[in-house]
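One-based numbering, in listed order, for ligands and for the atoms of each. Not measured: the values here are computed from a predicted model.
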Amino acid sequence: MRIARFTTGDDPRYALVDGEAGSEQLVVITGDPIYTPVQPTGERIPLDDDGVRLLAPVIPRSKIVGVGRNYAAHVAEMGNELPSAPLLFLKPNTSVIGPDDPIVLPDWTEDVHHEAELAVVIGKVTKNVTLERALDQVFGYTVANDVTARDAQRADPQWTRAKGFDTSCPIGPWIVPGLDVADLAVRARVNGELRQDGSTSQMVFDVAYLVSYVSEIFTLLPGDVILTGTPAGVGPIVDRDIVEVEVEDIGTLRNPVIRRA
Ligand code: ZN
């Protein structure tokens with residue numbers, strides 16, 4: 001099952017995504033599937049219809065929790081040490097954009113990088129969940145680009161500016177519930193060129209561990225999102241690039257990059 005949030009010009013609605021790549025149909029459902037059982041309205045809309053636009057599949061209700069340095073090869077390429085516990089940071093929900101929305105490069109940075117990541121969407125109020133029960137709290141999975149101003153990340157002791165600016169959290173194209181995420185390819189392409197090609201099997205701390213660990217610190221609310229870290233191969237994105245991030249069995253999230261003059 002794939003669950004999308006979309007608009008035809010009016011208020012956002014939700015749909016199941018049916019069909020093969022290039023000929024997907026939106027099977028419209030009632031309400032928000034994180035809170036209400038999935039119930040089709042009977043309306044079907046071709047995804048490529050004029051005026052149909054996918055939106056970020058969830059706007060996190062309270063927070064996006066990022067995890068730094070969770071793939072050993074990425075830690076090595078940045079010249080950092082492997083953390084002994086997950087290294088957490090927050091991105092505000094105002095950083096979220098959806099498929100095809102532009103990543104707007106801020107004027108205070110000259111070195112913005114893509115980071116392809118598996119994103120975990122929380123389905124239930126979660127506090128101090130055990131490792132064994134952690135995955136029961138997950139609504140589903142989507143794809144994220146943890147866009148990072150690398151120069152600001154180096155300059156600032158905290159990563160709030162580097163990772164929290166407007167448009168720095170593209171997510172989508174949809175949410176896949178019930179997926180086994182133990183070994184899925186995680187890739188990034190810039191203008192069609194493969195830049196990152198890792199696997200979730202390379203995570204230092206796996207999804208269950210992250211959900212459990214994060215829930216010891218924050219209460220997670222339905223719709224909150226955890227970004228699980230990025231594999232090796234991060235690199236710059238510049239004005240007019242097209243960046244695509246992909247997780248196997250979920251889909252590809254594409255965003256143009258712009259710098260406003
Ligand atoms: Zn990241």
| said: Less than 4.5 Å apart, side chain to side chain, heavy atoms only: is that true for Trp174 and Glu24? | reply: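 Yes, side chains in contact.
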
Should [X] and [Y] count as an ion pair when the cut-off is N to O under 4.0 Å?
{"X": "Arg254", "Y": "Asp100", "value": "yes"}
{"X": "Arg161", "Y": "Asp151", "value": "no"}
{"X": "Lys91", "Y": "Asp146", "value": "yes"}
{"X": "Arg189", "Y": "Glu244", "value": "no"}

| field | Residue pair Thr230 / Glu115, side-chain donor-acceptor N/O under 3.5 Å | value | no

| note | The protein N, O or S atoms lying under 2.8 Å from the Zn ion (ligand 1) are Glu115 OE1, Glu117 OE2, Asp146 OD2

